[in-house]
Number of protein chains: 2
Amino acid sequence: MGHGEAKVTTPQPRAAAPGSSGKRPQWSSDADCPVRDVLDRIGDKWSTLILGTLAEGPHRFSAVQRAIPDISKRMLTQTLRDLERDGLVARAVYPTKPPSVEYRLTPLGETILEPLAVLIRWADLSHAAIRTARSAFDEAI
Amino acid sequence: MGHGEAKVTTPQPRAAAPGSSGKRPQWSSDADCPVRDVLDRIGDKWSTLILGTLAEGPHRFSAVQRAIPDISKRMLTQTLRDLERDGLVARAVYPTKPPSVEYRLTPLGETILEPLAVLIRWADLSHAAIRTARSAFDEAI
DNA sequence: GATACAAGGTAACTATGTGAGACCAGCGCC
DNA sequence: GGCGCTGGTCTCACATAGTTACCTTGTATC
């Protein structure tokens, strides 16, 4: 069945906060809030780095690891699996002499690149101000 | 995500990704990478919710807590402090009968609203596809 | 036989984020 | 005096994220 070997770690649904009640603005704290979903995905330590790497084109497992030297194999595997589970990354196994596995962005995965780029642009523009504010705050203590 | 001190991993200069034409991508895994800074800030559980609440106007401490019912006082205080430290939120104390504290976005804080809105728009558009992919993946196990 | 690579799996451990809830100050109220 | 409100701080405990290290299967190389 596709690439899916029968052995996969048990998927752990991310539990969310108990239901809130009352008005819901566009910023909802509900469990099924899509924002929460997205931020839980890209908010971790490695997802954006991996997406950025795959944005340059398909990579094999070890190629991703070379591109992001300080990631451990375990986290690379796990993050890749999570991204695959969410349909942002596709995994293809080629039965070459040493079997090689290739990861690439799906069409859906490509669409997150632009929102991410907007955020990155903001980060680049603002990080000087943030660092200044941070220093000022820390010295004011 | 990293609250408090920035956890500095050993900065590793990385070579150009294989297969790419030597262009330096904006996706760096360096420790002082602004993207990491931003995602560490907004990637946590409450920051975006608080920013969204304050986007509607200044709020007092307890008003924010009413707007986000499932946040604990501890996390509210801590996240507000972190946002203040980064210059995204300003804190003003008024010596009223019970002293009241008002939080509002700084001009810098206002500027993150748009990148965030772009991301939220993507999340809204894509969360159906993500959930579908997730279900398919989970059942393929 | 020993070593290395491919792409992982797994266990043991640590670090951190988050939550629950007690406690604190000053003030008003009855 | 006792209770509640304001905006916090504090400690304890837990669950999850993340790291390190060692294991697998098979082929190729030394």
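So you know, we letter chains A, B, ... as the sequences are listed, proteins then strands, and number each from 1. The structure displayed is predicted, hence computed values, not measured ones.
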Please state whether the phosphate of [N], meaning OP1 or OP2, lies under 4.0 angstrom from any side-chain nitrogen or oxygen of [X].
{"X": "A/Ser100", "N": "C/dA7", "result": "no"}
{"X": "A/Tyr94", "N": "C/dA7", "result": "no"}
{"X": "A/Arg60", "N": "C/dC5", "result": "no"}

- Pairwise C1' distance for D/dG4 and D/dG8, with rounding to whole Å: 16 Å
Which nucleotide sits closest to the side chain of [X]: [options]?
{"X": "B/Thr77", "options": "C/dG8, D/dT19, D/dT9", "answer": "D/dT9"}
{"X": "A/Met75", "options": "D/dT19, D/dT9, C/dG8", "answer": "D/dT19"}
{"X": "A/Lys45", "options": "D/dT6, D/dG18, D/dG8", "answer": "D/dG18"}

- Item | 5' priority, DNA chain C, between B/Pro98 and B/Ser72 [closest heavy atom] | B/Ser72
- With a 4.0 Å cut-off, would you call B/Asp138 and B/Arg131 a salt bridge? no
- Query: Any ion pair linking A/Arg134 and B/Asp37 (charged N to carboxylate O, less than 4.0 Å)?
  - Reply: yes
- Message: At less than 3.5 Å, do the side-chain atoms of A/Lys73 and the base atoms of C/dG8 form a donor-acceptor pair?
- Response: yes
- Please confirm whether any donor atom in the side chain of A/Arg74 sits under 3.5 Å from an acceptor in the base of D/dG18, or the reverse. yes
Could you state the [atom1]-[atom2] distance from [X] to [N], rounded to the nearest angstrom?
{"X": "A/Gln78", "N": "D/dT20", "atom1": "CD", "atom2": "C1'", "value": "15 Å"}
{"X": "A/Asp40", "N": "C/dT18", "atom1": "CG", "atom2": "P", "value": "10 Å"}
{"X": "A/Phe61", "N": "C/dC5", "atom1": "CZ", "atom2": "P", "value": "15 Å"}
{"X": "A/Arg66", "N": "C/dC5", "atom1": "CZ", "atom2": "C1'", "value": "11 Å"}
{"X": "B/Leu76", "N": "C/dG21", "atom1": "CG", "atom2": "P", "value": "18 Å"}
{"X": "A/Arg81", "N": "D/dG18", "atom1": "CZ", "atom2": "P", "value": "17 Å"}
{"X": "A/Leu80", "N": "C/dA7", "atom1": "CG", "atom2": "C1'", "value": "11 Å"}
{"X": "A/Asp44", "N": "D/dT19", "atom1": "CG", "atom2": "P", "value": "11 Å"}

- Taking B/Ser62 for its side chain and B/Gln65 for its backbone only, find out whether a donor-acceptor pair lies under 3.5 Å. no
- Task: With B/Arg41 as reference, evaluate B/Thr48, B/Thr79, B/Asp86 under the side-chain contact (heavy atoms from CB on, under 4.5 Å) test and give the passing residue.
- Result: B/Asp86
- Message: Mind checking if B/Ser62 touches a base, just sugar-phosphate, or nothing, with heavy atoms under 4.0 Å?
- Response: sugar-phosphate
- Message: Checking side-chain polar atoms at under 3.5 Å, does B/Ser47 have a donor or acceptor matched by the opposite partner on B/Asp44?
- Response: yes
